[in-house]
Each structure stands twice: as C-alpha cells, then as structure tokens.
Protein chains: 2
Amino acid sequence: MENRAKTKSNLIQSVDRALQILECFSRENRELGVTEISKYLGLHKSTTFGLLSTLESRGYVEQNLDNGKYRLGLKLFELGNLVHEGLDLRKQAYPFLKELVDKYQETVHLVVNDRGEAVYIDKVEGPGAIRMYSQVGKRPPMYCTGVGKAILAYMPDKEVDRILFEKGLRPFTPNTITDVDKLKAHLAEIREQGYSFDNEEIEIGLRCVAAPIKNHKGEVIAAISVAGPSTRMTWEKMNILAISVKEAAVNISRRMGYKGI
Amino acid sequence: MENRAKTKSNLIQSVDRALQILECFSRENRELGVTEISKYLGLHKSTTFGLLSTLESRGYVEQNLDNGKYRLGLKLFELGNLVHEGLDLRKQAYPFLKELVDKYQETVHLVVNDRGEAVYIDKVEGPGAIRMYSQVGKRPPMYCTGVGKAILAYMPDKEVDRILFEKGLRPFTPNTITDVDKLKAHLAEIREQGYSFDNEEIEIGLRCVAAPIKNHKGEVIAAISVAGPSTRMTWEKMNILAISVKEAAVNISRRMGYKGI
DNA sequence: AACATTGTTTGATAATGCAGAACAATATAA
DNA sequence: TTATATTGTTCTGCATTATCAAACAATGTT
C-alpha cells in the first residue's frame, strides 16, 4: 500500500523512557519507588517522577498511598484484555490443546513469536500433582525450550543469528545446547521432522515435545508443546507425543488459514 | 513518609499523547491507521507516526504488514497479565472491609463464588464480645445467607436451579426460605436493590447485610457482608448498612476492573 | 534530636519533540 | 490505462518542551 520500509530508529525519548518504566515492574517487583526506578534506568529522579505522573494520570500505574511506591495500573489490565481477546489464534487453538491434555494428561502450552521472543499466551494444565510451573505472559528463552526451538527452526538464518547473539546461549543445565553450530544443526533436524524435543535443556527433570504453527502464508507464528516430568515423559511416550503434537499443530495451522500439509 | 500532595498536573506531552494513542483502540477498532489516529486525536500525521514507531519498537503496538495499520501489541498482554495476578481480590478488598468495621463495629466478611459454592476468604472482626462465629475457608449455604443470596441473585437461572436442586433447601430456622419460587422472587428483589439481607435465616439471633462484587466482565465473583446479633442489628441500622455495604462492594468491584456503575 | 531517605516542586537551559512539506507506494476513479 | 486521492514514511529547522539540578517537605532511622 505505502512505503513500508522503516529506516533508522527515530524514537521519541520521553515516550521510550515511559515505556521502559512500565517494564521495570515484574512478578518479583510489583511495587517500585521513584528513586528505585531512576537508579535502575539511570534517569534523574525528577525526570522519572514526571514520567510516572503522566503514566499515573491515565491509569497505567497507580500509587500505593501507604508507602508512596508505584505499581502497574488497571489500564494495562484493560488493554491487555483487549489484546487477549484479539488473539484469535488462542480461540482456534484451544480445542486442540484440550484434546491433547485429555489424551495425555500432561500440561499443554501455546506460545507465539513476538519479534524474536517467545510469549506464553495460553496453557491447559494436566491433572498430575507434579506440574510444570509456567505463567501466561512470560517469555521463555528460545534456544532451550521445545516451543522456542520449533519457532527458531523456521526462521531465516540471519534472524536466528541476531537472536542468538542478542540473548546469548547461557547453559541452564548440562543438556543445554550452548554451541551455535550444534544448535543450528539441531534446528535443521527439527525442520525436517516437524517437531522438537526439549530434553531437560532448561531444567533438569523437565521434558517436552513441541511443534510449530503456521499462518496462511506458511510463516511460523507460534508453537504448542506438551510438557511433563521426565519420570513420566519416557522416550516411548515422547515419540508417541511427537506424532500427536505435530498433528494438532497442523490442524491449528489449517484453522489459521494455512494451506500446506 | 513523603510529601504526597500532588499539585497541578504537569504532564509530559509526548508521553500523554502516546498513551492516548493506545486508548484509541477498542473492540470495535482493533486496527487503526496513522492518519485515522491523527485525525481522531487532532495531531499531525508525522507526530502520530513518531509516537507509534516508539510504541511499536517496544511491542506496545504492532503493524499489520498487509495493510499498514496498527493494532495493540503483545507487551500490553504481558503487562496486563502481571496486573491481573496482582489483583487478588483479598488484597484489594481489605481496606474497604476495614473501613466498614471501623465505622459500624460489626464483623465483616469477604466471600467468593467457587463454582456455585460460597467460600469465606477473609474477615475482619468487630470489637463486640458477642460475635458471629465464622471461619475463613468455610462454605456456608447459598440460599440462606446474605452473601450467598447476593451471589445467587446474579447467576443465570439455570445455574441457580442446579445449585438449589443439588444442595436442597433445608430449613435452619423458621425464617429460612424453603420454597424455590419464593426464593427466586426474593433474588429478583435483591438484584434490583443491589444488596441483600439475611434476617435470621441460618441462625436465630443473626442478621446481616451483603452486596455483590463484580469482576471486569461484570460477572459477580464475590460478596461482602456485615453481620451481627439481632439485638444490635436493628432495621434502622440494616438500612443504613445497606447503603454503605453496597458502596464498598462497588468500590471493590472497580478495583477488580469493573467499569459499570 | 540529628540525620538520611523518601516523593515532590520549581525554574533555567538547551536538547528534543513537533509541524509542515515532500516522498513513495498503493488504492480508487474516470 | 491514466489521473487523482489517500496512504504510511522521511526530512529538517524552529520553538516548544522535556530535562536536570537543586531545594523542599515529610517520613523513617539512628
């Protein structure tokens, strides 16, 4: 339609800083003070205060009047919900996730690719007492999770390089693949098989099987996985799961308009 | 702790505008173009573009490459989830419960609807020696308690039927409503008033006033009540309480993201 | 009672965001 | 097809605006 080739980043400083402030908050740090934030971002206290005040006036943060600290506000909840609803991938995928859980009694995840990062957008938990701990909205690493590798495997080589360089290849366990070339060979294998395993690469005792979901253009936009404790996830089960997970992923891809196999 | 008396709004223009952009999007307008937004907000096209680019660079909006339009991004989903988790009802409700106790010197309860059953999840006890005996975690009957009736009143008719059939309508006192049609008429009345009374329906000598709490979707997820011995809970006091309890419930609902009145 | 640390306010300075116009690419109309 | 309108994007100079620094007020700590 138009000239859609964005050039160099011409960002608006104050806006970028305000957004950075929002991203300071996390599960571990639900409440932060002005000084705390300004130290973290390297901004002056008064600058931070101005940004916070603006965010506050529109409900993106709110202040705890007991201690003066700030926390994320309800406006974000509202907008987040809007996004959540719009993710029709989620709607389309849900019945297939449910089916997998019912069949294998293990937790199933749905993850999307957000500019090189994976984001959990849904999960259906299995009945077992020993469960994989995960939270919707979280961003797991790409190179050492089933879903992440399933997504990486279908990316252009250049983008894979960029992501791996940016994030690094920290070893979470002895099984984590930390060598770029080894990982790339592994990704090629995944691409050929159409599914990926995570064999305790991010956490000892956790295995999963994942498969990529494609959109109408055939681009990999997401992935699903079935995850569980290694005790239950035997290799026999993993191989059976591979077929089922791949099948479910293909079905979801079709729902998203994918015309391929 | 600090000087917490904010004066005049000294907002940062560009940040405020960026936030305004986010708020342009809605269920009806999931995708908007640069020109569209700039017209709506009365900004210059290039200004809007700069703001959008900054928002995009951090994932707060994303572009539909097919038509160049923008939509809300996954970062908002991520942050919204964070807010959602932090919003546990109990934390939000507590100050309002405390306020009611301080004002009326009677025990206040917070109850959630757990798939058709009421569960006490918090209480703040009044100072009086004659107290209502209750335990957090307990599940009182729905049809003969103030909180239970406040929750029932907003359920789909079919679910009300199911619950009443499952649990039955055992008479605890001569005041217990044991007739289904009478109870349903009573629930309709509660729905109209926005609060419910318990007039010695579960125990002689115990009266209470309750009101429903709604979530962001307007669904009744919980209720609060002020309860005390009939000797102190005169009808005059009950009517005064009705207003206060309803008000507190509405305030808590807002904290839970409810946008209605 | 002295001190350190918070969030908040103010005002001077210059960096920064903004509008206008031009550009490129598409969609629509003739 | 050709012409026109409309889209998203880029560029640059000017003046508005965001920034920093320092001071303030109120609380928590020693």
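Proteins come first, then strands; the chains are lettered A, B, ... in the order of their sequence lines, and each starts at number 1.
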Does a side-chain N or O from Gln63(B) land closer than 4.0 Å to OP1 or OP2 of dT9(D), or not?
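Answer is yes, contact under 4.0 Å.
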
Ignoring backbone atoms, establish whether Tyr70(A) has a side-chain N or O less than 4.0 Å from OP1 or OP2 of dT8(C).
yes

In this structure, how many angstroms lie between the [atom2] atom of [N] and the [atom1] atom of [X], rounded?
{"X": "Glu36(A)", "N": "dG7(C)", "atom1": "CD", "atom2": "C1'", "answer": "13 Å"}
{"X": "Leu52(A)", "N": "dG7(C)", "atom1": "CG", "atom2": "C1'", "answer": "10 Å"}
{"X": "Ile21(B)", "N": "dG8(D)", "atom1": "CD1", "atom2": "P", "answer": "12 Å"}
{"X": "Lys39(B)", "N": "dG8(D)", "atom1": "NZ", "atom2": "P", "answer": "9 Å"}
{"X": "Asp16(B)", "N": "dT17(D)", "atom1": "CG", "atom2": "C1'", "answer": "14 Å"}
{"X": "Ile37(B)", "N": "dT7(D)", "atom1": "CD1", "atom2": "P", "answer": "12 Å"}
{"X": "Phe49(A)", "N": "dA26(D)", "atom1": "CZ", "atom2": "C1'", "answer": "14 Å"}
{"X": "Leu32(A)", "N": "dT6(C)", "atom1": "CG", "atom2": "P", "answer": "13 Å"}

With five pairs defining each end axis, the helix from dA1(C)-dT30(D) to dA14(C)-dT17(D) comes out bent, to 10°, by 10°

On the six-membered ring of Tyr94(A), is Arg90(A) placed so that its NZ or CZ lies under 6.0 angstrom from the centre and within 45° of the ring axis?
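The answer is no, since Arg90(A) fails at least one limit relative to Tyr94(A).
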
Minimum heavy-atom separation for Ala249(B) to Pro212(B), with atom names?
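Taking Ala249(B) first and Pro212(B) second, the nearest heavy atoms are CB-O, 3.4 Å.
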
Check whether the side chains of Asn113(A) and Glu117(A) place a donor and an acceptor atom closer than 3.5 Å, and report yes or no.
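No, because no side-chain N or O of Asn113(A) sits under 3.5 Å from a partner of the opposite role on Glu117(A).
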
No-hydrogen, no-angle side-chain donor-acceptor test under 3.5 Å, Gln20(A) and Asp16(A):
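Judged by distance alone, the side chains do pair up.
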
If we ignore hydrogens and angles and just use 3.5 Å, is the side chain of Ser244(B) paired with the main-chain N or O of Leu241(B) as donor and acceptor?
no

Does Lys75(A) use its side chain to pair, donor to acceptor, with the backbone of Arg58(A) at less than 3.5 Å?
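Checking the backbone N and O of Arg58(A) against the side chain of Lys75(A), a donor-acceptor pair under 3.5 Å is found.
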
Any donor-acceptor N/O pair under 3.5 Å between dG8(D) base and Lys69(B) side chain:
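It does not, because no donor-acceptor pair links the side chain of Lys69(B) to the base of dG8(D) below 3.5 Å.
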
Are any of the side-chain nitrogens in [X] or [Y] under 4.0 Å away from the carboxylate oxygens of its partner?
{"X": "Glu125(B)", "Y": "Lys123(B)", "result": "yes"}
{"X": "Glu219(B)", "Y": "Lys214(B)", "result": "no"}
{"X": "Lys103(B)", "Y": "Glu99(B)", "result": "no"}

Between the protein and nucleotides 18-20 of chain C, which nitrogen or oxygen pairs are less than 3.5 angstrom apart?
{"from": "dC18(C)", "atom 1": "OP1", "to": "Gln13(B)", "atom 2": "OE1", "distance (Å)": "3.4"}
{"from": "dC18(C)", "atom 1": "OP1", "to": "Arg17(B)", "atom 2": "NH1", "distance (Å)": "3.2"}
{"from": "dA19(C)", "atom 1": "OP2", "to": "Thr47(B)", "atom 2": "OG1", "distance (Å)": "2.1"}
{"from": "dA19(C)", "atom 1": "N7", "to": "Ser46(B)", "atom 2": "OG", "distance (Å)": "2.9"}
{"from": "dG20(C)", "atom 1": "N7", "to": "His44(B)", "atom 2": "ND1", "distance (Å)": "3.4"}
{"from": "dG20(C)", "atom 1": "O6", "to": "Ser46(B)", "atom 2": "OG", "distance (Å)": "3.2"}

